[in-house]
Amino acid sequence: MASDSDSDEDFVTYGTPLEPLEEDEPLKKPVPLHEQTVKDEKGRYQRFHGAFTGGFSAGYFNTVGTKEGWAPSTFVSSRQQKVEKKHHARPEDFMDEEDFGEHGIAPREITTSQEFSSSRRDAAGEKARAVHAQAALIPGDTLLEELITPTRSSVGVELLKRMGWREGQGVGPRTKRKARRQQTDGAGGVYGAVLPPAGSEESEDEEEFAPENVTFAPKDVTPVDFNPRLGVQGLGYRGLDPGRALLGRAAPEHIDLFRPQSESRSRLFGDAQRGSRRGGVAGQAFGVGAMEDDDDEEVYHRDCMSRYDTELGGAEPGDGLYGWTAPQQYSRKTDKSKDASYLGKILEGFTLAQKPSQETTIFPPPSLPRDYRPVHRFRPSVEVLSLSGVSPALAEALRVSRGHMVKEEGGPQQGGRHQLDSSQRRALLGEDALQGPSSVLELLKPEDRERLLSLRNSSSSNLPTPKTQPPASHDALRWAGPAAVAAPVGGVAASSSSASGLQQEALTVWKGVQTSAQTFRPFEKNSSKQARYELYLNRLKQGDKDGLEQSLDPGMTEWERSRERDEFVRASILYRPTASSLSCRFTRAKDPEEDDGSVEVPRDQEGDVDDKQAAVNMKMFGKLTRETFEWYPDKLLCKRFNIPDPYPGCSLVGLPKVKRDKFSVFNFLTVPESRETTAPPKPADAGKRSRWDVSQQKEEEKKEKKEKEKDPLSQLLNDARKQTETKLGQSSPPASETPSVDEQKEKKDEEKEEEKEEEEEEEESRPPMDLFKAIFASSSDEKSSSSSEGESDGEAEDKDATEDRGKADTQPLSLFGIPTSIQQTAVVLPQNFTQEAKENQEEEFGPKLPPPSAALNRGGAVSVCSPRDEEKPNKRSRERKHKNKKQHKHKKDKKKKKKKKHKNKGKQQQKKSKKETDSSGEDSSEDSGEDSGEDAAQVSTQELLKRLKNVRSLESW
Amino acid sequence: MAFPEPRPQAPQLPQHLLRTIDCQQGAVRAVRFNADGNYLLSCGSDKSLKLWSVSRGTPLKTYSGHGYEVLDADGSYDNSHLCSCSSDKTVILWDVATGQVTRKLRGHAGKVNCVQFNEEATIILSGSLDGTVRCWDTRSRRFEPIQVLDEARDSVSSLKVAQHELLTGSVDGRVRRYDLRMGQLHVDFISSPITCVCFSQDGQCTLSSSLDSTVRLLDKSTGEMLGEYSGHKMKGYKLDCCLSSKDTHVLSCSEDGHVYFWDLVEGSLSLKLPVGKAVVQSLSFHPTETCLLTAMEGRVQVWGAEPEDTEEDAVAT
């Protein structure tokens, strides 16, 4: 290339001139050939290889190995780093980042993930979108939509696919006839300045090849895309197509090689473009731009008739082949060939019909009049008359009798004479009551009456409900439920079964309802009838089954009576008390105070204990002492035990329970008849017997005694003492004297507060009997124990001496009581430990734990362990005196604690007992001299009773 | 040529004191072997539960967390967990290694007398003074029992689990056997308050000791009495009884400071082992070997068939 930069010198310069050398600069060393290397972006050398990735080697010398050699991967998985599952190696696993790079073999680019793209591409939707995209202002509009909206094939599409539908096909029965072409010449029906979309569907003139035995799916329908018209333009207006305007062509169309006339194909093959293809804005409104190169084109719009539809409905739709890609020559077929293809089946001389035969027109059924009801009505009067022989007037009366239950505007007179009973009519006429039989039926012979009844039965069963009543009454009856409607009015006797069912229902509804306020009076107009109705209701409430018959007026005729019977029963069901209707929707709250009359008790009750006791005494264990119950373990329990559920599908847990009537707690306690003469009669379900029961029994006994005696507790104690004494043959210890002395001491030592408390106690010392009853009647085991505590406290406050004596007596037996442990004799006990031990002993039930003492005072080598010594109480009490002084502080603390504990209990009775226990605790704690000390006083009340009971129960066994 | 079977040796009884462990935790309320018999658990009245090595008599771990004296304990089959119950009305599931409370189960209304794992340690069963047996789930984090068995009418003093059966003894004088597989409850009336119940090793019999100073062996399926053992004194305290590991002897604590051994079949007293002067409160027989643990006051004594001279004896004195 010659360039003359300088006009003065005629030099011709070739090549690029070297940079001018600076004189100071040292000469650059040329880079030797072996150092001329290629490096990648990370500075690593890339060896030229010439095979992959632009001539550079991949991996390590084009292997997957390393410098050290190829090591197969070892399986390492830990809890922190779980190994990913690699079932099959993907090629990506062996690629490095270069391969994923822009110029790699598997470039990574941002694509729509599977989650957000539709699982299967629906062609129809895309087509619709493509159509819509053209209408959109921005051509790439729908692309954005595709990115955002996660479209998935719906259930309907899935179902269709199961049924054999494939995408691209239409829905419907497969057509046998030749597939029709669809002429989608966009020219038709387009008005305005915009050219038709060029790329959608090219028309095909050719006839397709349609072989026999081939059915075609109907053509798919392009879904109509309804987009709201937002602008103010008129109908059919489409905005400027930017794609067309700027690029000179519409949205990219797909190249169809099989359509010879396809525009794109022709473009592919270098054909000259048909039609005018211009860039830029075109249209009638825009004239010719400066950039337009072909100026000779018609600029101004010239309307021609070919652009309009000249026939209705347009040409036949259908283009096609529907995926049937046949060679071009086969598509040229004539009608003859079509005929020929059917030759085997067509009779000679006949041709296949060009048009299918006309379908027979089906005429719609006549339209029904608006007030038509599809119910057939019988004429009952005739049939009743003909069948039963009862007078038509009576039948009519029966039929309308139900009208009584609805309000009648004009009173009984308006209802007609049939709605009055005989007495009313009589009253209206001013007649006297007739003498003689009240009913015609009574005049008949019995067999005749029977016959009449049977006839009536048959007639009423044959007849449906006559519908001649006033509609209002019918509506009213409908509320009463199907049972009420089902009872035919015509046959009272016939509906005896259903009527009795109704009566039963009424009985169950009304039984036990105590509301005296009658809110609804259905027979208000007829006072005597209303009175009878109320009588009936009252009887229902009392659970009287025959209440209906009794409440009816015996003076009325049988027909009237039966009518009224029906009415009453229905009315009672219809206007059932709200309580019962509500109660079936709500569960009653469990209120311990409320006696709702039933309680859940185990279904299987244990058998007689006395028998078992006898068997045990005879050592005949086995069948006599063994009882087996059905027991339902929890499902989860079975699961945890690894065993199958013995009662699968049963939600019951534990022993099956049943509801039983509850009268009082005592009903569930057994009373051994042999010993108890004054016991109340044993209820049927009373099978339980335990220690507690015995104690309750004793309470009962005690109560009875209380009424006679002033000092029942001491009496009881005396009894118990005598019994224990006689049984064990032990002489009463002299300990009884000690407490009284102590008590005197105590009184001296006591402070004023305590005296006050004492006064209070004395006031409360004798609670009324009702209190005990109230306590015992509604209490569980725990409560009863606490209340017995309260009771005995109340009783025993002023009788410390007796109490202690009794306790001292019972202690030698030491079955369930405080262990008379040597711990108390220990001198060197840690104080807190003793306290704990005492607390423990307070709540001791059942077999107690042996004393822990020796462990603690092993140094002292006290080794007395048997609790049976006679002189122990005395000894102990003496010891206790010293100890208590030492532990004064601790006890005070404990007292406070006690108070707190008691405060938590809410009940008044317990409050009372609290006071008493507190005071008793104070008594004992402050007073060092009291026998058996603190724990004795605190335990005394409840423990004492318990021990006594136990003594007795043991005796009995 | 087969040699004749050697004459079976007379079963040896653990009558030699191997060592005495002074537990230093107040009175030992219960002593229990673990599942394999290498360790023992002692429940102290000072609210602690201790784990000891049987062979050495050394303390291994102290588990403290109860609010009151510990009454019973049991170890899981895999020695990973312990459960214990206490007078504070709670049942505690312990982690053996860390000594931490895994779960504290509240729900009983009274002190809990006895506690037992089921075979797979998925359930803890606890019997209480409130007359209920509660089944606690160790797998879930639920704090309510799965099921409450409230059939007993008085304190449940003892319970044992064997496979799918639960045996409870109650102060109401009844031995109840809950058969989970059959969905049945069998009640045997003994009349005297039950202090302890046991299954025999073969699972065919139940042993129950009651406050009438009698130990009774009942046939499990019918409830018939197979044997009655008496002579000891059990009048007021809740004392243990058990069967030897080979079901040859019946053992019971006594209030007179002895452990009584009866021959199971003959019912005759075969040994009256003097333990001490106080009440023998608890005992536990080794699951496989001839080894017995007794608890008296604050000491646990280990008894074996063969005398073994160790220095622990010196500690005891």
Side-chain angles (χ1 to χ4, degrees), chain A residues 602 606 609 612-613 615-616 619 621-623 625-634 636-638 640-647 653-655 688-693 781-782 814-816 819 833 836-837 840 843 845-856 858 863 865-867 957, chain B residues 26-29 45 68-69 71 87 109-111 118 120 122-123 129 135 137 139 146-147 149-151 153-155 157 164 171-172 178 180-193 195 211 216 218 222-225 228 235-239 255 257 277-279 281 297-299:
Chain A
E606 204 180 310
V609 183
K612 286 184 190 167
Q613 186 62 50
V616 168
K619 301 194 173 176
F621 289 93
K623 275 181 188 170
T625 56
R626 158 71 56 108
E627 268 185 284
T628 300
F629 304 106
E630 215 170 274
W631 177 72
Y632 295 81
D634 196 276
L636 187 57
L637 196 65
C638 292
R640 292 280 185 264
F641 269 88
N642 263 340
I643 55 165
D645 195 351
Y647 302 101
V653 168
L655 291 176
K688 276 193 176 182
R689 184 166 180 267
S690 80
R691 266 154 224 289
W692 289 110
D693 302 350
D781 282 1
E782 272 182 77
S814 85
L815 242 183
F816 299 100
F833 186 77
E836 281 168 20
N840 177 28
E843 49 184 41
F845 296 88
K848 60 189 180 252
L849 298 162
S853 61
L856 293 154
R858 268 174 60 229
S863 56
C865 64
S866 174
W957 285 347
Chain B
V28 177
R29 291 307 186 194
S45 61
Y68 220 145
E69 56 180 4
L71 294 179
S87 287
K111 65 176 190 181
N118 73 337
E120 296 175 344
T122 51
I123 296 281
L129 186 76
C135 311
D137 192 0
R139 292 284 178 85
I146 296 176
Q147 191 172 2
L149 318 176
D150 54 355
E151 283 78 31
R153 277 165 220 156
D154 210 329
S155 168
S157 55
H164 58 273
V171 179
D172 64 4
Y178 298 88
L180 270 79
R181 196 179 279 278
M182 299 296 292
Q184 281 179 331
L185 163 63
H186 306 281
V187 182
D188 284 323
F189 186 73
I190 306 289
S191 104
S192 183
T195 58
L211 282 189
R216 291 182 179 87
L218 301 182
T222 61
E224 283 163 16
M225 189 162 72
E228 195 176 21
K235 290 283 186 191
Y237 296 134
K238 179 193 169 303
L239 306 180
E255 288 171 21
K277 287 170 181 167
V279 179
Q281 174 156 21
E297 295 173 336
R299 301 185 304 274

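No hydrogens, no waters, no symmetry mates; every other heavy atom, side chains included, goes into these values. Treat the numbers as computed from the prediction; the structure is a model and nothing was measured.
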> Can a donor-acceptor pair be found between the side chains of B:Tyr178 and B:Glu151 at a distance below 3.5 Å?
Replying inline: yes
> Relative to chain A, which segment of B:Glu120 carries a heavy atom at a distance below 4.5 Å: side chain, backbone, both, or neither?
Replying inline: side chain
>> Which atoms of A:Val653 are under 4.5 Å from chain B, going by heavy atoms: the side chain, the backbone, both sets, or neither?
In response: both
> In terms of heavy-atom proximity below 4.5 Å to chain A, should B:Ile123 be classed as side chain, backbone, both, or neither?
Replying inline: side chain
>> Check whether A:Asp634 reaches the backbone of B:Gln147 with its side chain - one donor and one acceptor, N or O, closer than 3.5 Å.
In response: no
> For B:Leu218, is it the side chain, the backbone, both or neither that has a heavy atom under 4.5 Å from a heavy atom of chain A?
Replying inline: side chain
> Which bit of B:Leu71 comes within less than 4.5 Å of chain A, counting heavy atoms only: side chain, backbone, both or neither?
Replying inline: side chain
> What is the minimum heavy-atom distance between B:Thr122 and A:Arg640, and which atoms define it?
Replying inline: OG1-O, 3.0 Å
> Are the side chain of B:Ser87 and the backbone N or O of B:Tyr68 linked by a donor-acceptor pair below 3.5 Å?
Replying inline: no
> What are the two closest heavy atoms between B:Ser192 and B:Leu211, and how far apart are they?
Replying inline: OG-N, 3.3 Å
> Given that the side chain runs from C-beta out, which part of A:Tyr647 has a heavy atom under 4.5 Å from chain B: side chain, backbone, both or neither?
Replying inline: side chain
>> With chain A as the partner, which of B:Met225, B:Glu224, B:His186 has the greatest number of non-hydrogen pairs under 4.5 Å?
In response: B:His186
> Where the side chain of B:Glu255 meets the backbone of B:Tyr237, is there a donor-acceptor pair that is under 3.5 Å apart?
Replying inline: yes
